[in-house]
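For reference, the structure is listed below as structure tokens.
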Amino acid sequence: MKASDLLVACLEREGVEHVFGLPGEEMEDLLFSLRDSEITFVPVRHEQGAAFMADVHGRLTGDAGVCLSTLGPGATNLLTGIADAHLDKSPLVAITAQGGLERLHQESHQAIDVVRTFGSVTKWNTQLDSPDIVHESVRKAFKVAEYEKPGATHLELPEDVASEETAVRPMEHRDQVPVAAPNPDALERVKSVLDEARKPILVVGNGVVRTHATARLREFVDATDVPVVTTYMGKGAISDVDDRSLMTLDSGASDEPAEAIAESDLVVTVGYDIAEHDPADWNPGQTRLVHVDSEPAEVYEAYDPDIEIVADVGRTLRHLTDWCRDVDSSFDSEWYADFRDRIAIDIDREPADESPFTVRTVLPVLREVMAADDVLISDVGSHKMAIAQNFPTYEPNTCIISNGFASMGIAVPGGVAADLTTDSRIVAATGDGGFLMNAAEIETATRMGCEFTIVLFNDDDYGLISEKQIDHTGEAFGTELSNPDFVEFAESFGVESYRPESARELRTALQTAVEGGLSLVEVPIE
Ligand SMILES: Cc1ncc(C[n+]2csc(CCOP(=O)(O)OP(=O)(O)O)c2C)c(N)n1
Ligand SMILES: [Mg+2]
């Protein structure tokens, strides 16, 4: 078997259905091997789009998404999306072609040291310098990308190795390695602090959604009435219609979730990554802190847990639920009612009659026209903050936000990947800045027959940055944009497009868009 055929056979063995990528000369063997396989190759318009697609596929399924590029410039274009998967803990396998081994010791056309370049954004990576290591390397790439905490891995396939023959064959795909059960001594210590607490609160992160511990979390909340604040990436772990949900942490300390945390007498974080929100913004410090996660806490004086349980998050929650039921533990279930009331009022504002709208007032309409299991993918900017605070989420993995690496440009390629990998209806919400970074992937979407809705919040500005500058200094610089006519732009790709100008048109446009095929709704924003 040729090494490129073997690599593709290994991908098939891992259950890969899509490879997102952009061709180059040095991957000719690999491309033809893909052509002759069961896998669908999805050609993209910029490698960053391919990496974001693989990233979002990984977030939604737990199985590594696969992206492919050529050497040099193709590989460096992939880097941002790979870094996003790395810091957002999304399983991703990147494959890059490379020049032949005989020329890599020299200065050479398009050749840079991609393995070293990707070293800081991957859990593991290697060069396939012999066809005989392809089977083990692919298995390892998937195993390492998918085990807790997931992330990116990378394989580099030199052009000459790709065409060499080998006798080795694909290794079996194995289920993900389970995370250990909680340590009994640590559990006892947590029980004793729970025993003393009257007003405990949970801070729930991506780890709960990622490890499918949502049902366990909800059982714990039902048994105890302990309120929950989620991170951006933990959205949907508890349904936001539940009165025990205190919605989503902001980046400042002045919002209701952070105020509730400050008033609690015990904080238990579950599946929380400090890459998402700096604990200095929400951790009151003097309150007792318990860390439940698949990995130990980072060492940081603003986040210094009294007790850590490093174990499977769902099993830990189940132990604690059983114990709370056994001892009939009683916590105060009244103390957070006022926070909940304020949050409920905040997420229900009506849009203005005429555009320009605000993101916050558009979101209730968007929520209304989307079903509980439709998926919203947010780009990064001021609209993302509003989505985190004002878009109630009911089910896990139905509000996808990048909040570790927090890179602009994820929404449109994310929409492509989500549409190709799930049966859900998809909405990709984006700002004008992030949209134009990867708007070329609309062509990928139309070519692949994707159906999703792009909601484009247009303020002709890098809005979040000017907001922050104005907060700090009273003025903004370097943020103003002039945009094309987005409706004409999208229509030139054959995409059904709308620009509502009244509250009534907004509702009709959003409703029609989410029920139709590939569409764009440009929402003029103040
Ligand atoms: C790739 C990348 N570049 C720069 C930033 C810094 N940044 C964060 S939000 C933002 C502005 C986003 O503007 P837009 O997409 O229009 O959204 P808005 O804030 O206006 O809602 C910028 C430049 C980033 N997060 N990612
Ligand atoms: Mg903007």
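Numbering of ligands and ligand atoms starts at 1, following listing order. Nothing here was measured: the structure is a model prediction, and the numbers come from that model. Both backbone and side-chain heavy atoms feed into the values below; hydrogens, waters and symmetry mates do not.
Residue Gly434 approaches ligand 1 through these ligand atoms, each under 4.0 Å from one of its heavy atoms: 15 (O).
Checking Thr479, Ile465, Asp461, Asp460 against atom 6 (C) of ligand 1, the nearest heavy atom belongs to Ile465.
A donor atom on one side chain and an acceptor atom on the other are not found under 3.5 Å apart for Glu47 and Ser69. Residues Thr453 and Ser519 have side chains that bring a donor and an acceptor to within less than 3.5 angstrom of each other. A donor-acceptor contact closer than 3.5 angstrom links the side chains of Gln48 and Asn438. Judged by distance alone, the side chains of Thr479 and Asp461 do bring a donor and an acceptor atom under 3.5 Å apart.
Using a 4.5 Å heavy-atom cutoff, the side chains of Val380 and Met437 are not in contact.
Protein N/O/S atoms found under 2.8 Å from the Mg ion (ligand 2), listed by chain and residue number: Asp432 OD1, Asp459 OD1, Asp461 O.
Between His277 and Tyr272, a ring centre-to-centre spacing not shorter than 6.0 Å is recorded.
Side chain of Asn125 to backbone of Val115: a donor-acceptor contact under 3.5 angstrom is found.
If you look at Asp459 next to ligand 1, the close heavy atoms, those under 4.0 Å, all belong to the side chain.
At least one heavy atom of Ala406 sits under 4.0 Å from some atom of ligand 1. The closest approach between Asp379 and ligand 1 stays at or above 4.0 Å for every heavy atom of the residue.
Ligand 1 has no nitrogen or oxygen under 3.5 angstrom from a nitrogen or oxygen of Leu481. Distances between N or O atoms of His383 and those of ligand 1 include at least one value under 3.5 Å. Checking only distances, Phe435 never comes within under 3.5 Å of ligand 1, N or O to N or O.
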